[in-house]
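Note sheet for the following structure.
Every chain is numbered from 1, with letters handed out A, B, ... down the list of sequences.
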There are 2 protein chains.
Amino acid sequence: MNVTAFKRRKEFGKTLASDIAHRMRNEIVTCRLKPGEVLKFDTLRLAYGASFTTLREALTCLAAEGLVVAEEQRGFKVAPISLSDLIDLTRARILIEVDLIRRSIENGDDDWEIAVISSIHRLGIIEGREIEDYADNPEWKAAHREFHESLVAACGSPTLLGIRQSLFERAERYRNISARFRPRPRDKAGEHRALMKAAVGRDADRACELIAKHIQSTTDNVIKHASELFSQN
Amino acid sequence: MNVTAFKRRKEFGKTLASDIAHRMRNEIVTCRLKPGEVLKFDTLRLAYGASFTTLREALTCLAAEGLVVAEEQRGFKVAPISLSDLIDLTRARILIEVDLIRRSIENGDDDWEIAVISSIHRLGIIEGREIEDYADNPEWKAAHREFHESLVAACGSPTLLGIRQSLFERAERYRNISARFRPRPRDKAGEHRALMKAAVGRDADRACELIAKHIQSTTDNVIKHASELFSQN
DNA sequence: AGCGGTAGTATTTTCGAAAATCTGGTTCTG
DNA sequence: CAGAACCAGATTTTCGAAAATACTACCGCT
């Protein structure tokens, strides 16, 4: 194998295909690859330096996650965004997240509690460093993701955790839109702290209520202030 | 295109890869491909008459559905079955199915009602033809699947419908095991009729309760009578 | 005998060419 | 003139060989 490929592979995952899937996932959720954009193999081959076959495997993966759509014999395109998709996605996420957080609070042991507290602490440190616009920071995003994952980590359901993760990923684009169009800053840090407190205080009902509101709030903001971004459906 | 490929392609889907994925899905859920079995490309190439690349794409698809597992650089194997997987799967299915059936009952229009009734009728016809063992009949399985799909079809959530479908598929192997080990026949037809009545009678609470029991019942039977099939976890 | 290293084999992963299919425009026909 | 049929170029899908990686069994050493 040539040196370039070797280096590239080191960045993430063991196979080139999974590495490319990872990179494309990133470009899609940050909208560097635009929603609805047609993905032609020749272009991709140039951009990622991989062959048809390898790209095809990466795209097949992303299609399963709902980040790209495959039309047989007619290629792939970045999954479009729409209000109806956002609403559908939000409802699915709330259903699952609420269930998982409740179970996690039931099952979570001391290590779980510690992980929740340590992940919100890390988030706080990052937020403290830059007063504004931390939501654009990849480091903050990783910590944010980590915090939400820690909340549900003790739920004991690998299947739903996997689904949750893929829905969380799909929602990333809408979170970015929401942040851009929000009229005044939202107190995310406060919401996260309240969630953490409800979780470690083993107040499942409150935690479920908070997480549902937390998820719904982004959606409401997009609907209110960014509807014009979408065509009609 | 050569004749063989053309014929094969006609059977299902537009591309060879999706056709092969479809055929393999079948072999896995019927356990003709054994749980945990290692899937070597040379063997598959012989069995399905397709190239590495095409098989790889099919396997990537199935991996996303949870029917095969991929270990990077170490190939693919049929997803193992286990009690913990069954329990996890069952819980996920109940969570989602209950939500979808409730929403479906809320939203369903006349056409939905008609589809529910017509699909249970078709199921009844098939069950009437062969008194016993209809659960092994592919035709019954298709009709059974169709009936359950019709119940949730009006829920209005494409995302959760997709997830539901993949979980339903994953559960197929356990349903087959359950049928083999059931001490005395279960009144599935009765359960289905009750479900249908609750649905068209718009009794959401009752429908939710019935569907949860319906799903749980298979799992309970496997745990009670077929535990020895699984190693330990 | 047990262990670490190593060569050889089995297997997976990647590549780029070749085949199949789609798209859009043009011509032909009624 | 409308619509079907067809060609040419663009694009996707499939193939089998070649490269990269994992596995196995043997050898030499302590």
Closest to side chain of A:Phe41, choosing from D:dT12, C:dC15, D:dT14: D:dT12
Could you tell me the separation between the [atom1] atom of [X] and the [atom2] atom of [N], rounded to a whole number of Å?
X: B:Glu57; N: C:dT12; atom1: CD; atom2: P; result: 18 Å
X: B:Phe52; N: D:dA19; atom1: CZ; atom2: C1'; result: 13 Å
X: A:Leu16; N: D:dT21; atom1: CG; atom2: P; result: 11 Å
X: B:Asp42; N: C:dA10; atom1: CG; atom2: C1'; result: 9 Å
X: A:Phe76; N: D:dT12; atom1: CZ; atom2: P; result: 9 Å
X: A:Arg45; N: C:dC15; atom1: CZ; atom2: P; result: 10 Å
X: A:Lys77; N: D:dT12; atom1: NZ; atom2: C1'; result: 16 Å
X: B:Lys40; N: C:dT12; atom1: NZ; atom2: P; result: 7 Å

Contacts of type salt bridge (charged side-chain N to carboxylate O under 4.0 Å, His left out), residue A:Glu27, not counting sequence neighbours: A:Arg32
Could you tell me whether B:Lys141 and B:Glu172 make a salt bridge, using a distance below 4.0 angstrom between a side-chain N and a carboxylate O? yes
OP1 or OP2 of C:dT12 under 4.0 Å from side-chain N/O of A:Thr15: no
Exam field: side chain B:Tyr174 to backbone B:Asp85, donor-acceptor pair closer than 3.5 Å: no
Say whether, by atom type as modelled, one donor and one acceptor occur between the side chain of A:Trp112 and the main chain of A:Ser150 under 3.5 angstrom. yes
Return whichever of B:Thr53 or A:Leu39 has its heavy-atom-nearest nucleotide of DNA chain D closer to the 5' end. A:Leu39
Distance-only donor-acceptor pairs under 3.5 Å for side chains of residues 58-65 of chain A, two or more places apart:
| unit_1 | atom_1 | unit_2 | atom_2 | d |
| --- | --- | --- | --- | --- |
| A:Thr60 | OG1 | A:Arg56 | O | 2.7 |
| A:Glu65 | OE1 | A:Arg25 | NH1 | 2.6 |
| A:Glu65 | OE2 | A:Arg25 | NH1 | 2.4 |

Could I get a table of every N or O pair under 3.5 Å where one atom is in the protein and the other is in nucleotides 22-25 of chain C?
| unit_1 | atom_1 | unit_2 | atom_2 | d |
| --- | --- | --- | --- | --- |
| C:dT23 | OP1 | A:Arg74 | NE | 2.5 |
| C:dT23 | OP1 | A:Arg74 | NH2 | 3.3 |

Going by the side chain to side chain donor-acceptor pair (under 3.5 Å) test, name the single residue among A:His214, A:Gln165, A:Glu97, A:Arg164 that passes it with A:His148. A:His214
Determine, stepwise, if the pair B:Arg102 / B:Glu106 fulfils salt bridge (Lys or Arg N to Asp or Glu O under 4.0 Å). CA-CA 6 Å; B:Arg102 184 179 295 280; B:Glu106 276 169 22; 5.7 Å; no
